[in-house]
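Below is one structure, written out as structure tokens, with a few remarks after it.
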Amino acid sequence: MDADRAGNAAANGGRILARSLVYGPVPSRRLGRSVGINNIPPKICSYSCIYCQLGRTPMTQVEPRPFYKPAKLIEAVETKLDQTREKREQVDYVTFVPDGEPTLDANLGEEIDVLKGLGAKLAVITNGSLLWRKDVRKNLLKADWLSLKIDAVDDEIWRRIDRPHKSLNLDTILQGMLKFAKSFNGELTTETMLIRDINDSEHEINKIAAFLAALKPAKAYLAIPTRPPAERIEPATEQTLNTAYQTFSKRLSGVEYLIGYEGNAFASTGNVVEDLLSITAVHPMREDAVAEFLENAGVGWSTIQELVDSGNLISLDYQGKKYYMRKLPTLSLSHS
Ligand code: SF4
């Protein structure tokens, strides 16, 4: 639930600052302009991911329970949507993206039902750890867009990276995800956070790709932490991200990076440099595709050299071919 977390959430020296119940609209690469719903108090989660930007989970939990009165939450969304209409601001999605795991909210199904009645398109960003439960699957089937976290399919690696509640079982979760995907009519996406030396081996990336090929998401996002994480970790390197992209792309049609840039590869600004940086922030470009892009724009190869020299673009080799991707943003690893 991470790349789209926005608003005023922060883990500051271990102290979690609470956000309001409803916030935004905030720009999101995956969801356009999204009004966020914070239906879980900080920080109630079934995981304690080593890269979580909210710090460690004090006590992981797996039993859904009510946190806020649905009427209060719905009223806050209605007020927010009225305000955006008055200001003529566009809202593409209303999104459950709390300071914790949204499916731990026992009222989620009821809230989704009422919010859908308001005509809003609904998104949920979940770690998916409770999808083995029938009630959770039933609630999420009503969403229009869903993101599932799949950081590992190897039990030991999963325990190291996501640090789940002790009662959770990875095989049961993955089976629940597959079962859910078969009946979900909305847009299913996945997010895989790659952490150096933990889940970024070729072997694990291949295994994740095989699982995703069975899950068949509309889009599989490859992410790295871009905000200070709970533990001292390093994001995967550009080289690894490129390899993971190529591995995923062999089995899946929609693979994109989520590496901390809000670039939009599908909206051309007409500015060659900006467009190149936006595209390569979403996926690597092969040398011949770059050459064709430059030729169409009537610009010489020196533009690429300047972007590489200035540290904005990086060139990578994969199976005898050269690729270009946006250089990863520097992760500030400040800890208390
Ligand atoms: S799933 Fe992981 S990253 Fe998301 S809130 Fe829970 S601990 Fe943090």
Side-chain angles (χ1 to χ4, degrees), residues 1-19 21 23 28 30-31 34 36-65 67 95-105 108 123-133 136 140 146-153 155 157-170 173-174 176-177 189-195 198-199 208 221-236 258-260 331 333 335:
M1 64 201 54
D2 313 292
D4 268 288
R5 191 192 300 286
N8 60 343
N12 195 348
R15 192 169 61 91
I16 296 168
L17 308 177
R19 291 179 296 174
L21 213 51
Y23 61 92
S28 151
R30 291 181 291 179
L31 294 165
S34 153
I37 307 179
N38 196 12
N39 64 324
I40 297 282
K43 181 208 164 178
I44 293 174
C45 195
S46 47
Y47 283 174
S48 182
C49 304
I50 53 175
Y51 55 77
C52 185
Q53 65 192 62
L54 296 169
R56 293 177 187 161
T57 307
M59 198 170 64
T60 52
Q61 301 180 34
V62 285
E63 202 47 54
R65 58 189 165 103
F67 294 100
T95 309
F96 285 88
V97 52
D99 294 335
E101 170 47 36
T103 59
L104 283 170
D105 175 6
L108 184 66
V124 184
I125 299 184
T126 168
N127 64 22
S129 63
L130 301 184
L131 271 181
W132 52 274
R133 290 178 61 125
V136 170
L140 293 180
L146 194 79
S147 170
L148 295 179
K149 180 189 295 299
I150 299 157
D151 291 333
V153 294
D155 187 77
I157 298 175
W158 174 64
R159 289 186 192 283
R160 273 182 77 195
I161 189 166
D162 293 344
R163 298 189 298 194
H165 183 276
K166 62 178 183 322
S167 69
L168 291 173
N169 176 292
L170 181 60
I173 292 172
L174 297 178
M177 287 181 176
T189 71
T190 59
E191 185 174 329
T192 301
M193 191 74 86
L194 288 180
I195 307 298
I198 296 192
N199 67 339
I208 297 173
Y221 290 96
L222 283 164
I224 50 145
T226 53
R227 303 192 187 103
E231 311 297 341
R232 283 187 184 278
I233 47 150
E234 294 286 341
L258 270 182
I259 56 177
L331 176 61
L333 290 168
H335 291 267

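All ligand and atom numbering here is 1-based and tracks the order in the structure. Keep in mind that what you see is a predicted model, and the values were worked out from it rather than measured. Positions are given from 1, in the same order as the sequence printed here.
- N127 places a side-chain heavy atom less than 4.5 Å from the side chain of C45.
- Set against the non-hydrogen atoms of N127, the atoms of ligand 1 under 4.0 Å away are 1 (S).
- For the side-chain contact (heavy atoms from CB on, under 4.5 Å) test, residues two or more places apart in sequence or in another chain that qualify with R133 are E63, P64, L130, D135, V136.
- Looking at A230 against ligand 1, nothing comes within 4.0 Å, counting heavy atoms.
- None of the N, O or S atoms belonging to C52 lies under 2.8 Å away from atom 2 (Fe) of ligand 1.
- Counting heavy atoms under 4.0 Å from ligand 1, residue K43 touches it through the side chain alone.
- Every residue two or more places apart in sequence or in another chain that forms a side-chain contact (heavy atoms from CB on, under 4.5 Å) with T189 is listed here: W145, S147, E187, K219, Y221.
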When you look at S129 and S46, which way does the side-chain hydrogen bond (donor to acceptor under 3.5 Å, both in side chains) test go after all the steps? CA-CA 7 Å; S129 63; S46 47; 2.7 Å; yes

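- Looking at N38 and P98, their side chains come closer than 4.5 Å, going by heavy atoms from C-beta outward.
- Contacts of C49 with ligand 1, taken as heavy-atom pairs under 4.0 Å, involve both backbone and side chain.
- The contact set between ligand 1 and K149, taken as ligand atoms under 4.0 Å from a residue heavy atom, comprises 1 (S).
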